[in-house]
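This report concerns only the one structure given below.
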Amino acid sequence: EVPLFERLSRGVKPTVYGETLINHVRMALANLTQGQKSIEALKAGLAGQVNIGTIITSSLTIVPNAIIQTKKEAPRLSIGVEVGTSKDLMERLKRDEMDFLVARIPDEEDASGLLYEDLSAEIECVVARRNHPLLSRENLTLQDISTESWILSSRGSILRNRIDMMFRQAGLEAPTNVIETTAMSLVLNLLQNTDFLHVVPQDFARYFEHKGDLSILPITIPCQMENFGIIMRRDTVLSPGATILLRHVRSAAAEYRKQWLD
């Protein structure tokens with residue numbers, strides 16, 4: 001019982017009510033198109049493309065296991081995985097370049113248009129090369145490591161800010177001998193061939209410690225990131241392939257939590 005269009009001398013134009021209805025019709029048509037593509041994918045044996053983004057922590061644990069199980073169920077499904085920071089991945093999700101993320105929602109992000117499902121917490125630790133001199137030190141403190149050489153993320157990143165703040169709150173200067181990079185191939189090479197230190201999630205550290213590539217320093221640092229989880233746009237209708245991968249991400253996360261609790 002509202003006017004949807006305003007008559008003009010030539011044609012009509014939508015009223016504010018009409019624009020609102022048009023926007024919803026466009027979304028409905030887009031969902032119908034996605035539904036048609038989903039049916040075609042089912043008929044073709046779940047062929048198609050799924051694109052997801054993940055932070056480093058889950059890229060070594062939850063996501064690989066989920067992909068393995070998904071490929072067993074849908075071997076013809078093509079899965080693209082982008083590893084990056086939550087901020088960069090969020091931009092790609094908003095541009096509809098990703099089906100969903102395994103990441104965290106940045107503090108400055110407007111989450112009203114997002115769906116979030118918590119998966120796990122991330123606890124940070126300090127790693128170094130095997131046989132690093134600090135590994136034999138007893139009662140290691142923040143003061144002992146504050147003057148060491150470090151590999152850190154760039155200034156302005158969430159983790160870098162928290163590391164710098166960690167030292168300052170302890171009455172210490174933040175590290176000054178620093179290499180700034182997040183390229184893991186470079187980080188690993190530098191760690192294995194120098195006495196530099198690096199802060200990483202415990203899950204990441206345990207993975208490389210088990211392989212014998214790195215060692216975790218015997219110090220608990222007061223630095224923790226927010227939980228991470230599954231993030232998708234509220235208006236997203238997932239394809240059958242993306243739905244299967246999402247189901248296996250949930251299962252892999254539950255199994256991973258169970259392993260560490262045991």
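Small disclaimer: the values here were computed from a predicted structure and weren't measured. Index from 1, following the sequence.
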Within 6.0 Å of [atom1] in [X], more than 12 heavy atoms from elsewhere:
X: Q143; atom1: CD; value: no
X: N193; atom1: CG; value: yes
X: Y17; atom1: OH; value: no
X: R130; atom1: CZ; value: no
X: K87; atom1: NZ; value: no
X: Y207; atom1: OH; value: no
X: R234; atom1: CZ; value: yes

Does any N or O in the side chain of [X] come within less than 3.5 Å of the main-chain N or O of [Y], such that one atom is a donor and the other an acceptor?
X: W150; Y: I145; result: yes
X: T194; Y: L190; result: yes
X: Y116; Y: A111; result: no

Are the side chains of [Y] and [X] in contact, using a 4.5 Å heavy-atom criterion?
X: E124; Y: I221; value: yes
X: V126; Y: I216; value: no
X: C125; Y: V199; value: no
X: R129; Y: D213; value: no

What I want to find out is whether [X] reaches [Y] closely enough, with some N-O distance under 4.0 Å, to be called a salt bridge.
X: R155; Y: D164; answer: yes
X: R206; Y: E209; answer: no
X: R250; Y: E117; answer: yes
X: K94; Y: E109; answer: yes
X: R160; Y: E180; answer: yes

Between D88 and T85, do the side chains contain an N or O donor and an N or O acceptor separated by less than 3.5 Å?
-> yes
Any side-chain donor near an acceptor of the partner, N227 and D118, under 3.5 Å = yes
Just do the side-chain hydrogen bond (donor to acceptor under 3.5 Å, both in side chains) check on E6 and T15 with the steps written out, would you?
-> CA-CA 6 Å; E6 177 185 350; T15 64; over 6 Å; no
Begin from the C-alpha positions of D144 and T141 and carry the test side-chain hydrogen bond (donor to acceptor under 3.5 Å, both in side chains) through to its verdict.
-> CA-CA 5 Å; D144 295 327; T141 66; 3.1 Å; yes
Approximate separation, where rounding is to 0.5 Å, of E19 CD and L4 CG | 11.0 Å
